[in-house]
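Letters go in sequence order (proteins before strands), and every chain restarts at 1.
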Amino acid sequence: MDFYQRVAVVCKTVPAGKVATYGQIALLCGKPKNSRQVGYALKHNFSGDNLPAHRIVNHQGYLSGAGCFQDPDKQDVLLMEEGVEVSSDLRVDLKKYGWKNTLEDALCLRAYFEKTGI
DNA sequence: TCTCTGACGGTTG
DNA sequence: ACAACCGCCAGAG
């Protein structure tokens with residue numbers, strides 16, 4: 001099983017206009033305690049294609065933004081375009097914009113992982 | 001192997 | 001609400 005592939009898939013399943021936490025991603029990847037590895041994966045940007053990394057925030061709703069985009073303000077712009085409000089201190093309201101992963105989503109991802117073998 | 005480090009999370013005071 | 005602490009796991013040197 002390729003954890004990073006799973007991270008990529010999960011990130012893509014996060015709907016536009018919503019944000020997910022690292023813990024959520026790790027949980028959906030089947031490894032609840034690998035939240036740090038999620039960040040590591042995004043930093044190295046595995047799987048090549050452009051992942052919506054701007055939708056991934058920490059459990060407090062802060063955008064870490066450690067240079068995944070050359071322009072630090074790029075993430076604000078992307079989130080704003082998706083209708084997510086970002087405060088000046090790079091924080092989003094998880095109560096409003098946090099992605100509530102349903103059991104259906106988890107099962108769908110699980111099935112996808114089984115199917116593709118990752 | 002061993003150690004250090006890190007886009008983190010949860011609990012506690 | 002906030003900060004300190006501890007736990008966690010995979011890469012890199």
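Among the nucleotides C/dC9, C/dG11, B/dG6, the one closest to any side-chain atom of A/Y4 is C/dG11. Taking the side chain of A/R36 as heavy atoms from C-beta on, and the options B/dC8, C/dC9, B/dG9, the nearest nucleotide is B/dC8. Of the candidates C/dC9, B/dG9, B/dA7, the closest approach to any side-chain atom of A/Q37 belongs to C/dC9. Distances from the side chain of A/Y40 to the nucleotides B/dC8, B/dA7, C/dG11 place C/dG11 closest.
Rounding to whole angstrom units, CG of residue A/N58 and C1' of C/dC8 are separated by 17 Å. B/dG10 atom P lies 10 Å from atom CG of A/L27, rounded to whole Å. The nearest whole Å value for the distance from the CG atom in A/L63 to the C1' atom in B/dC8 is 15 Å. Following rounding to the nearest Å, A/I25 (CD1) and C/dC9 (P) show an atom-to-atom distance of 19 Å. For A/K31 and C/dA10, the NZ to P distance is 6 Å, given to the nearest whole Å. The distance between atom CG of A/L28 and atom C1' of B/dG9, rounded to the nearest whole Å, is 15 Å. Counting to the nearest Å, the C1' atom of B/dG6 and the OH atom of A/Y62 are 20 Å from each other. Per the geometry, CG belonging to A/L94 stands 14 Å off C1' belonging to B/dC8, to the nearest Å.
Taking the centre and axis of the six-membered ring of A/Y22, the NZ or CZ atom of A/R36 falls outside the cone set by 45° and 6.0 Å.
Place A/K33 and A/H44 on DNA chain C by their nearest nucleotides, and A/K33 ends up nearer the 5' end. Positionally, the nearest nucleotide of DNA chain C for A/Q60 lies more toward the 5' end than for the other of A/N34 and A/Q60.
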### Message
Between A/F113 and A/V9, does the side-chain contact (heavy atoms from CB on, under 4.5 Å) criterion hold? Intermediate values first, please.
### Response
CA-CA 9 Å; A/F113 295 151; A/V9 173; 4.1 Å; yes
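In plain terms, the two heavy atoms of A/C29 and A/F3 that are nearest each other are CB-CE1, 3.5 Å. Taking both residues in full, the closest heavy atoms of A/K100 and A/D105 are given as O-OD2, 4.4 Å, listed atom of the first, atom of the second, then distance.
With rounding to the nearest 0.5 Å, the separation of CD in A/E82 from CZ in A/R55 is 4.0 Å.
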